[in-house]
Asker: 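Below you'll find the structure I mean.
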Amino acid sequence: MKTLIMSLIAVASFQYSFAQENKTNPAATSYTAAEQEVIQLSKDKWQWMADKNVDKLKLLFDNKSKFVHMSGTWKKDEELDIIKTGRIWYKNAKVHDVAVELFGKTAILWNRITLEAIVRGSEVVTEFTVTETYQKQGKEWKLLALTFSSVRDTHQIQK
C-alpha cells in the first residue's frame with residue numbers, strides 16, 4: 001500500500017510539474033512536429049556549442065552557412081575554429097523565449113537568450129535575440145545562418 005501511495009504522489013508531482021511548465025510557456029504545445037524538431041535541434045546546438053562539440057556542429061552547419069556576431073561575420077570553418085579553440089566559449093545559453101515558423105523546407109527560429117560566454121579570455125553575460133535559419137535537406141535540417149542581435153532583457157519575441 002505504501003508503494004502505491006508513493007507511486008501516485010510521484011505521478012501527481014510529474015503531472016503538476018508538466019502543467020506548470022506548459023503554463024509558463026503556453027506555446028509549448030502549439031507547435032507542429034516539424035517545428036518542435038527544429039526547436040529541439042536549436043537547443044541541442046546550444047549544448048554542442050557549450051561542449052565545444054565541433055563534430056556534431058560540423059554536420060549541422062551547411063557548408064555555405066554564415067554567422068553574424070557583434071564583432072564580425074564569418075563562415076562555417078571560422079565559426080567551428082572559434083568554438084574549437086575557445087576564442088568564444090558559449091558556456092551557457094539560457095533560452096527565455098522561442099518562436100519558429102516554417103516556409104516550405106525553410107525554418108526560421110528566434111531565441112531570446114542570456115548568453116554566458118568567455119570571449120577572448122573575458123567572461124561576459126549578454127542578452128541576445130538569435131535568429132537561426134534552417135533548411136530541410138533530405139532527412140536532415142541544416143543551419144544556414146545564425147545572427148546575434150543584442151537586446152535588452154525586457155525584449156520579447158512576438159509569436
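Everything numeric here is computed off the predicted structure, so don't read it as measured data.
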Asker: What heavy-atom pair brings W141 and A107 nearest, and what distance separates the two atoms?
Answerer: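 In this case the closest contact between W141 and A107 is CZ3-CB, 3.8 Å.
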Asker: Nearest 0.5 angstrom please: D77 CG to K84 NZ, how far?
Answerer: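 D77 CG to K84 NZ: 11.0 Å, rounded to 0.5 Å.
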Asker: Are V124 and M49 connected into the same hydrophobic cluster when the rule is that any two of I, L, V, M, F, W, Y join if their side-chain heavy atoms are below 4.5 Å apart?
Answerer: yes
Asker: With a sphere of 6.0 Å drawn around CD of E78, does it hold more than 12 non-hydrogen atoms of other residues, nucleotides or ligands?
Answerer: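 Yes, because the 6.0 Å sphere around CD of E78 holds more than 12 heavy atoms from other groups.
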Asker: To the nearest 0.5 Å, tell me how far K56 NZ sits from L59 CG.
Answerer: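 The distance works out to 9.5 Å.
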Asker: Mark yes or no for whether W89, through its side chain, and A50, through its backbone, hold a donor-acceptor pair below 3.5 Å.
Answerer: yes
Asker: Determine the minimum heavy-atom distance between A34 and L102, stating which atoms define it.
Answerer: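 Scanning both residues, the minimum pair turns out to be CB-CD1, 3.6 Å.
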Asker: Just verifying a value: how many Å separate L115 CG and W46 CH2, rounded to the nearest 0.5 Å?
Answerer: 6.5 Å
Asker: Test side chain to side chain donor-acceptor pair (under 3.5 Å) on T106 and Q135; report intermediate values, then the result.
Answerer: CA-CA 4 Å; T106 301; Q135 182 182 62; 4.7 Å; no
Asker: Under 4.5 Å between side-chain heavy atoms, hopping through other hydrophobics if needed: is there a path connecting I83 to M70?
Answerer: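 Same hydrophobic cluster.
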Asker: Stepwise, does the side chain to side chain contact (heavy atoms under 4.5 Å, CB included) test hold for D81 with R87?
Answerer: CA-CA 8 Å; D81 185 63; R87 283 188 280 162; 2.7 Å; yes
Asker: For a 4.5 angstrom cut-off between non-hydrogen side-chain atoms, does S42 reach V98?
Answerer: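 Contact flag for S42/V98 side chains = no.
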Asker: Under 6.0 Å from the NZ atom of K58, do we count more than 12 heavy atoms belonging to anything else shown?
Answerer: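 Open.
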Asker: I want to check something: taking the side chain as every heavy atom from C-beta on, are L144 and Q137 in contact at a cut-off of under 4.5 Å?
Answerer: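 Yes, side chains in contact.
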Asker: Hey, any chance V130 and V68 share a hydrophobic cluster, counting ILVMFWY side chains that come within less than 4.5 Å of each other, even indirectly?
Answerer: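 No, V130 does not connect to V68 through the hydrophobic network.
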Asker: When you compare the side chain of K45 with that of L146, does any pair of heavy atoms fall below 4.5 Å?
Answerer: yes
Asker: Just checking K66: does its NZ atom have more than 12 heavy atoms from other residues, nucleotides or ligands closer to it than 6.0 angstrom?
Answerer: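 Not more than 12 within 6.0 Å, no.
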Asker: Just do the side chain to side chain contact (heavy atoms under 4.5 Å, CB included) check on H96 and T114 with the steps written out, would you?
Answerer: CA-CA 8 Å; H96 303 287; T114 301; 2.5 Å; yes
Asker: Hey, are the side chains of E116 and E123 touching, using non-hydrogen atoms and a 4.5 Å cut-off?
Answerer: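 Sidechains of E123 and E116: no contact.
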Asker: To the nearest 0.5 Å, tell me how far K76 NZ sits from N63 CG.
Answerer: 4.0 Å
Asker: Over all heavy atoms of both residues, which pair between L109 and N111 is shortest? Give the atoms and the distance, please.
Answerer: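 For L109 versus N111, the nearest heavy atoms are CD2-ND2, 3.2 Å.
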Asker: Output the distance between atom CG (L60) and atom CD (E140), rounded to the nearest 0.5 Å.
Answerer: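 So the CG of L60 and the CD of E140 are separated by 9.5 Å.
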Asker: Please report the shortest heavy-atom distance between R120 and S71, naming the atom on each side.
Answerer: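 Closest heavy-atom pair between R120 and S71: NH2-OG, 3.7 Å.
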Asker: Hey, is the main chain of I108 close enough, under 3.5 Å, to the side chain of E101 for a donor-acceptor pair?
Answerer: no
Asker: Hey, are the side chains of Y90 and I113 touching, using non-hydrogen atoms and a 4.5 Å cut-off?
Answerer: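 Y90 vs I113: side chains apart.
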Asker: Quick check: is Y134 connected to V95 through a chain of hydrophobic side chains (ILVMFWY, heavy atoms under 4.5 Å apart)?
Answerer: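 They do share one cluster, since a chain of ILVMFWY contacts under 4.5 Å joins V95 to Y134.
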Asker: Quick one: which of F148, W74, F61 gives a ring pair (Phe, Tyr, Trp, His ring centres under 6.0 Å) with F67?
Answerer: F61
Asker: May I ask you to test the E79-I88 pair for a side-chain heavy-atom distance under 4.5 Å?
Answerer: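 The answer is no; the side chains never approach within 4.5 Å.
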Asker: Hey, what do you get for NZ (K142) to CG (L41), rounding to the nearest 0.5 Å?
Answerer: 10.0 Å
